[in-house]
Each structure stands twice: as C-alpha cells, then as structure tokens.
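Comments concern the structure below.
Predicted model, so just to flag it, every value in this text is computed and none were measured. Heavy-atom basis, side chains included; hydrogens, waters and symmetry copies ignored.
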Amino acid sequence: PCAPRNHLANPTKHAAIIGGNGYLLKPNPFRPRLERPTAWTNIFLPRNHLLSDNLAPLMQHAIQKANVLVEALPHIQRFRGETVVVKFGGSSMDNPDVVRAILEDVAFMGCVGMRPVIVHGGGKAINARMKKQGLQAAFVKGLRVTDAATMEIVERVLNREVNPELVASLNELGCKARGIHGEDVISVHKHVEEDPDTGATLDWGFVGAIDSVDVEPIRAYLEADII
C-alpha cells in the first residue's frame with residue numbers, strides 16, 4: 001500500500017487505508033480484519049488525494065457514498081428496466097445546484113438500468129419574462145388565463161431555453177438525452193367550464209385539457225437508451 005507509514009504501523013486501529021492503485025480499502029465488518037484485501041470493499045479515490053494531509057474526511061465521504069449505494073441496491077434491482085417519470089419544476093429550477101443534483105440523480109438512474117423520463121416546467125422563468133414584457137397574469141377561479149402573447153412566451157421559454165439546457169446538461173454528464181416538445185405528442189381540447197353560480201362560460205384562453213399522449217416517440221428514445 002502507498003498510504004503514509006503511520007497508517008500502516010497498526011492497521012487494526014484504522015478503518016481504512018489507501019491502496020497503491022488509488023483505491024480506498026474498506027474492511028468488511030463481517031470478516032476477520034486480517035483477511036486479504038480481496039475481501040474488502042474497493043471505493044475509488046483519485047491518486048491526487050494520496051498525499052493529502054487530511055485524508056480522514058475524504059475517506060469518510062467515500063464510505064458514506066458506498067453506504068448509500070448499498071442501501072439503494074434493493075430499489076435499483078426492483079426498478080431496473082422500468083420507466084420512471086420524474087416531474088421537475090417549480091422553485092427547484094431556479095437553483096443551479098439543485099438542478100445539477102437532480103440531473104446527476106437522473107443520470108445515475110440511467111446508468112443502473114432504469115429508463116427515466118423527465119417532465120419539466122419552466123420554474124419562475126416564464127413569470128420573469130412576462131414581467132419583463134409588461135404582461136400581467138390574470139386568473140379565473142384560481143387558474144391562470146393564457147392569451148396568445150403569454151403562450152408565445154411559454155413556448156419560447158420551455159422549448160427553446162429550458163429544455164435544451166436540461167438536455168445539454170445531461171449530455172455533459174455522459175448520458176444520451178433528447179428533448180420532446182409537448183405539442184408534438186400531446187393532443188388537447190380547449191378547456192372551458194360553466195360558472196355554477198351564474199351559468200356563464202368560463203374561458204381560460206389557450207388552456208387545454210389533455211385528450212391523449214402519443215407515447216411512441218418516447219418509447220423509441222427509451223429503447224435506444226436515450227433519456
């Protein structure tokens with residue numbers, strides 16, 4: 001091993017040592033400590049950490065990651081090969097660190113054999129763009145009214161900004177990702193209701209109710225291991 005000598009003087013007092021191949025060797029607690037390293041758990045630790053003066057936090061971080069994977073194993077086995085829909089939107093999309101963490105989780109799901117599909121919104125970007133263009137949101141019975149100008153903003157933000165950014169981020173993480181626009185696979189009709197108090201027709205503009213979803217383009221991507 002290439003660990004500092006003081007780590008090797010009394011290995012029985014240490015939970016882990018650094019192997020010469022740049023791996024953290026974590027003893028298996030269910031086997032005698034003096035067994036050969038092949039009975040230990042290998043966790044990758046980059047070589048540039050071997051000369052660090054403070055290895056303990058790095059070791060602990062690696063061990064924690066290994067423990068998380070062990071705990072997740074039953075779920076990974078259960079959902080391997082299954083399609084998993086991830087709804088992604090709201091205020092979480094306004095924090096780059098949260099977005100990155102969610103996409104890393106989605107990338108991991110793809111790596112272990114799940115078939116993730118992300119259904120996303122636009123976060124606060126749509127409201128910010130409307131405010132910038134002087135458009136005021138109107139509501140009827142608590143539902144937002146979507147006029148032609150608002151619809152243009154929604155289409156531009158979702159299809160030309162948010163979706164391509166998510167796809168690019170997933171590709172940077174080593175995934176194969178493609179975007180599908182809602183209007184290409186979703187069939188809708190105009191949503192109207194009758195006011196129970198006055199009998200008047202309630203109209204929300206370009207708000208629609210879903211009739212059907214063409215899942216074949218989505219399935220084709222999933223069969224090609226594309227998120």
Can you name the nearest heavy-atom pair linking [X] to [Y], along with the distance?
X: Ile186; Y: Val188; result: CG2-CG1, 3.5 Å
X: Val145; Y: Gly205; result: CG1-N, 4.4 Å
X: Ile153; Y: Ile126; result: CG2-O, 4.2 Å
X: Asn163; Y: Gly179; result: OD1-CA, 3.2 Å
X: Glu216; Y: Arg219; result: OE2-NH1, 3.1 Å
X: Leu103; Y: Leu170; result: O-CD2, 3.7 Å

Worksheet item: Between the side chain of Asn171 and the main-chain N/O of Ala177, is any donor-acceptor distance below 3.5 Å?
Response: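 A pair under 3.5 Å: yes.
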Discussion item. Running the 4.5 Å side-chain criterion over Ile, Leu, Val, Met, Phe, Trp and Tyr, what cluster does Met151 land in, apart from itself?
Written reply: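 Phe206, which link up through side-chain heavy atoms under 4.5 Å apart, make up the rest of the cluster.
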To the nearest 0.5 angstrom, please state how far the [atom1] atom of [X] sits from the [atom2] atom of [Y].
X: Leu158; Y: Leu166; atom1: CG; atom2: CG; value: 10.0 Å
X: Met93; Y: Lys124; atom1: CE; atom2: NZ; value: 13.0 Å
X: Glu161; Y: Glu155; atom1: CD; atom2: CD; value: 10.0 Å
X: Glu82; Y: Met114; atom1: CD; atom2: CE; value: 9.5 Å

Worksheet item: side chain to side chain contact (heavy atoms under 4.5 Å, CB included) between Phe88 and Val162: does it pass, once the steps are laid out?
Response: CA-CA 11 Å; Phe88 182 25; Val162 177; over 6 Å; no
For [X], which residues count as a side-chain contact (heavy atoms from CB on, under 4.5 Å) partner, sequence neighbours excluded?
X: Leu222; result: Thr83, Arg115, Val117, Ile218
X: Arg80; result: none
X: Pro217; result: Ile180, Val185, Asp214

Worksheet entry | Residues Thr150 and Asp147: side-chain donor-acceptor under 3.5 angstrom |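 Side-chain D/A pair, Thr150 to Asp147: present.
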Worksheet entry | Residues, nucleotides or ligands: over 12 heavy atoms within 6.0 Å of Lys87 NZ |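 More than 12 within 6.0 Å, yes.
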Worksheet item: Hey, is CG on Leu143 packed in by over 12 heavy atoms from elsewhere, all under 6.0 Å?
Response: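 Enclosed.
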Are [Y] and [X] linked, directly or through intermediate hydrophobic residues, by side-chain heavy-atom contacts shorter than 4.5 Å (ILVMFWY only)?
X: Val85; Y: Phe79; answer: no
X: Leu173; Y: Val98; answer: yes
X: Ile227; Y: Val215; answer: no

Item to complete: Apply side chain to side chain contact (heavy atoms under 4.5 Å, CB included) to Ile102 and His120, showing your working.
Response: CA-CA 12 Å; Ile102 292 175; His120 69 85; over 6 Å; no
Practice prompt. Check ring pair (Phe, Tyr, Trp, His ring centres under 6.0 Å) between His191 and all other residues, then give those that pass, not counting sequence neighbours.
Written response: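 With neighbours one apart ignored, the set is Trp204.
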Worksheet entry | Pairs touching residues 173-191 that satisfy salt bridge (Lys or Arg N to Asp or Glu O under 4.0 Å), sequence neighbours left out |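 As it turns out, the salt bridge (Lys or Arg N to Asp or Glu O under 4.0 Å) pairs with a partner in residues 173-191, which skip direct neighbours, are Lys190-Asp203.
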Discussion item. Taking Glu152 first and then Arg156, would you say they form a salt bridge - that is, a charged N and a carboxylate O separated by under 4.0 Å?
Written reply: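 A salt bridge links Glu152 with Arg156.
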Worksheet item: salt bridge (Lys or Arg N to Asp or Glu O under 4.0 Å) between Glu104 and Arg100: does it pass, once the steps are laid out?
Response: CA-CA 6 Å; Glu104 287 176 349; Arg100 180 74 178 186; 3.4 Å; yes
